[in-house]
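First the structure, in the form of structure tokens, and then the observations on it.
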Amino acid sequence: MMMTSSGTNSNVSKRRFRVFLWISVIILVLVHLLLLRLQLNGSQIKAQTGHFRHYTLPSSPSNNKKPLLGSPRVADSSDRRKEPKWAYAFLVAGCDPDQPLTYRNYFYNILVAANLLHQKSTSETTNNRMTDIIVMIQFTKASNATELPLSELQWLQTRIPNNPNRKLRIQYLPSPIRDNFYNAQLEKFRILEFEEYSRILYLDSDVMPLCSLDYLLELSERGVLKPNVVLAGFTEPASGGFFLLEPGPGYYKELLEIIETREATVGWNKTLGWGVVMDQEWRGIPLKEGQTPRHSKEWTFHGDFADQGLLYYWTRYFRGDVSIVFLREIENWQNGSLEATVKSKKVFVDKTCLPPGQEANNHYGSSIHYPLFNKKAPHRDFIHFTGDKKPWEKKIRQFPKDFEQVRSSTEYWYYNLGTIFDAFSSEHPNRKLPSLPLKWKQPSLGRYPTLRSMVGTIEKKKKHKARQENEP
């Protein structure tokens, strides 16, 4: 009996050992699969010495000093320009000369904007400087056009004439891999290719400035603001419709690598976003007094997967030297760390598009969107006609011929367009002017980026890359 009991205990022990061994193997396999899961197509998530995690790209043998994506890039002296040179930049994408009503009114807005940008503000100190105008144009994939029609070129060239102090630069962009709003929004970062400029202020082609915004370029150049300046919005930490960037050698190539790394995975990761786990919460600005602004430590803001997310990542995490302008304060970041928070009124104390004491009377300002914007520069010095709020899509009671008749931002836009039309008519009496109100059709690329358009673009890029690799 004793021998039988001992043999039974021995068998039980062996079975228990085999079960323990199988459980250990299963755990090891699960751990291994989890580690493989964390590898994003060869990009590895590692812990960086600092406050956040980041993607890394394979190291380049030819450039061992290339910064890792997500790490603050310390600019050396060769990055800075000795001679300040500035430009305003616009982008009109989705152009098809066979369907002019889908895009032509954006050119009229650029004419209005250029006219107002070169009207000096009452506090302007850069009277001898006239900032260049860059107009980037991208035709639809289906279009065979390589240049704008002569009539449209004439409008731009005659109303924004070149002179010794200012140039109009029309830049035709390569055909898109896919026609959609997401893809077009990434094209605005091509301003980084214009390396001869020390600062470029980008404005969406439905933005109307109210006067010269050179003061932003000047404050950035002088070091009062950082080399990159972004404005927080109600639903995002960095508005993609209005921002200032410092171009530099290789910057656009670095940005393309960021896009390529991010698009290695088709889906959108709300934790990693464009390649970083946020070290601090992003925050927007309130819609009205007393309201708590939106905030989060995840990539969950409007346009996070498109231009606004890329802009925030590029300036806040990759470049690391940015001024983020809120309504009442400005955060100055240097090398990825918060350097100081200053009061906006101290920086913009004498900066305004209106006569002293008249700042509160901005009846044609951006109150149609955010009432608080009327009170603070630089938000009060431009109007962004987002969505269906564009002047040519709205009905107005009159087309004012006199400034005193203006009672809305739409009327102010038409008032400025009317002055341009009058000047053009006197110079070209035989040319027929467009009738008012302007005719229009829905823009060919839509109005907003969508996750669906993002996925479609990424999959198209992957197929295109695979075809190129398989070609002999």
Side-chain angles (χ1 to χ4, degrees), residues 86-93 95 103-121 124 126 129-137 148 152-163 165-171 188 191 194 197 199-217 229 231 239-245 352-354 362 364-366 368-369 373 377-386 389-394 403 406 408-424 434 438 440 443:
W86 307 337
Y88 296 111
F90 300 87
L91 168 67
V92 184
C95 298
Y103 71 90
R104 183 175 290 167
N105 292 336
Y106 292 97
F107 285 119
Y108 293 145
N109 184 76
I110 292 174
L111 294 177
V112 170
N115 185 54
L116 290 167
L117 284 169
H118 292 125
Q119 292 180 10
K120 298 302 179 182
S121 66
E124 192 65 66
T126 55
R129 181 186 303 279
M130 294 192 75
T131 308
D132 290 355
I133 299 288
I134 300 171
V135 181
M136 298 180 290
I137 298 165
L148 288 172
E152 293 173 1
L153 280 174
Q154 277 186 331
W155 274 103
L156 292 172
Q157 292 169 344
T158 58
R159 302 322 309 156
I160 315 176
N162 287 323
N163 63 50
N165 297 315
R166 180 191 64 195
K167 292 181 180 179
L168 167 66
R169 299 186 59 172
I170 297 177
Q171 185 76 20
K188 61 183 65 174
I191 63 174
F194 297 92
Y197 293 98
R199 300 289 189 276
I200 296 180
L201 180 58
Y202 173 84
L203 302 90
D204 271 352
S205 55
D206 55 0
V207 168
M208 177 177 68
L210 302 181
C211 70
S212 168
L213 297 172
D214 282 7
Y215 70 81
L216 286 172
L217 298 154
V229 181
L231 275 58
S239 171
F242 186 102
F243 56 87
L244 186 155
L245 294 184
T352 177
C353 287
L354 296 170
N362 189 1
Y364 54 84
S366 50
I368 57 171
H369 302 297
F373 281 15
H379 292 84
R380 71 179 174 211
D381 289 341
F382 70 93
I383 300 166
H384 194 175
F385 298 109
T386 57
K389 298 180 176 67
K390 296 168 181 39
W392 52 89
E393 297 185 27
K394 297 180 72 67
F403 174 73
V406 172
S408 70
S409 54
T410 296
E411 290 183 4
Y412 188 61
W413 188 85
Y414 269 111
Y415 163 74
N416 282 279
L417 184 65
T419 61
I420 293 172
F421 280 0
D422 290 344
F424 188 84
L438 295 171
W440 63 281

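These values consider heavy atoms only, across backbone and side chains, with no hydrogens, waters or symmetry-generated copies.
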ask   = Which residues satisfy the ring pair (Phe, Tyr, Trp, His ring centres under 6.0 Å) test with Y103, sequence neighbours excluded?
value = F107
ask   = Okay, side chain of Y88, backbone of V135: is any donor-acceptor separation there less than 3.5 Å?
value = no
query = To the nearest 0.5 Å, how far apart are CG in L245 and CZ in R199?
reply = 10.0 Å
ask   = Does the side chain of V92 come within less than 4.5 Å of M136's, by heavy atoms?
value = no
inquiry  = Quick one: does any side-chain atom of K188 pair with a main-chain N or O of A89 as donor and acceptor, under 3.5 Å?
reply    = no
ask   = Within a strict 4.5 Å, meaning less than it, do heavy atoms of the W413 and V112 side chains meet?
value = yes
ask   = Can you tell me if D381 uses its side chain to pair, donor with acceptor, with the backbone of L210 under 3.5 Å?
value = no
inquiry  = Return the CG to CG distance between D214 and L117, rounded to the nearest 0.5 Å.
reply    = 8.0 Å
inquiry  = With ring pair (Phe, Tyr, Trp, His ring centres under 6.0 Å) as the test, pick out the partner of W392 among F385, Y414, Y106.
reply    = Y106
request  = Take L156 and I133 through the test side-chain contact (heavy atoms from CB on, under 4.5 Å) and record every step on the way to the result.
outcome  = CA-CA 10 Å; L156 292 172; I133 299 288; over 6 Å; no
message = Return the CZ to CG distance between F382 and L116, rounded to the nearest 0.5 Å.
response = 14.0 Å
ask   = Does a side-chain N-to-carboxylate-O contact under 4.0 Å join D206 and K389?
value = no
key: ring pair (Phe, Tyr, Trp, His ring centres under 6.0 Å) partners of F421, counting only residues at least two apart   = Y108, W155
request  = Output all residues satisfying side-chain contact (heavy atoms from CB on, under 4.5 Å) with E393, sequence neighbours left out; order by chain, then residue number.
outcome  = D388, K390, W440, R447
query = Within the side chain of N109, is there an N or O that forms a donor-acceptor pair under 3.5 Å with the backbone of S205?
reply = yes
request  = Using ring pair (Phe, Tyr, Trp, His ring centres under 6.0 Å) as the criterion, list what pairs up with F90, not counting sequence neighbours.
outcome  = none
Side chain proximity check, L148 to I137, heavy atoms < 4.5 angstrom = yes
key: Value rounded to 0.5 Å, distance of CG in L216 from CH2 in W86   = 10.0 Å
request  = Would you give the length of the straight line joining atom SG of C95 to atom CZ of R104, rounded to the nearest 0.5 angstrom?
outcome  = 11.0 Å
ask   = Which is it for D204 and L91 under the side-chain contact (heavy atoms from CB on, under 4.5 Å) test, yes or no, and what are the steps along the way?
value = CA-CA 7 Å; D204 271 352; L91 168 67; over 6 Å; no
query = Taking the six-membered ring for Trp, is the centroid-to-centroid distance between Y202 and F242 below 6.0 Å?
reply = no
ask   = Heavy-atom distance under 4.5 Å between the side chains of F243 and I200, does that happen here?
value = no
ask   = Can you name the side-chain hydrogen bond (donor to acceptor under 3.5 Å, both in side chains) partners of N105, sequence neighbours left out?
value = none
query = Between V207 and I383, is any pair of side-chain heavy atoms under 4.5 Å apart?
reply = no
request  = Report yes if some heavy atom in the side chain of I134 is under 4.5 Å from a heavy atom in the side chain of I191; otherwise report no.
outcome  = no
message = Run the salt bridge (charged side-chain N to carboxylate O under 4.0 Å, His left out) test against K394 and tell me which residues pass, sequence neighbours left out.
response = none
query = Between H118 (side chain) and C211 (backbone), is there a donor-acceptor pair under 3.5 Å?
reply = no
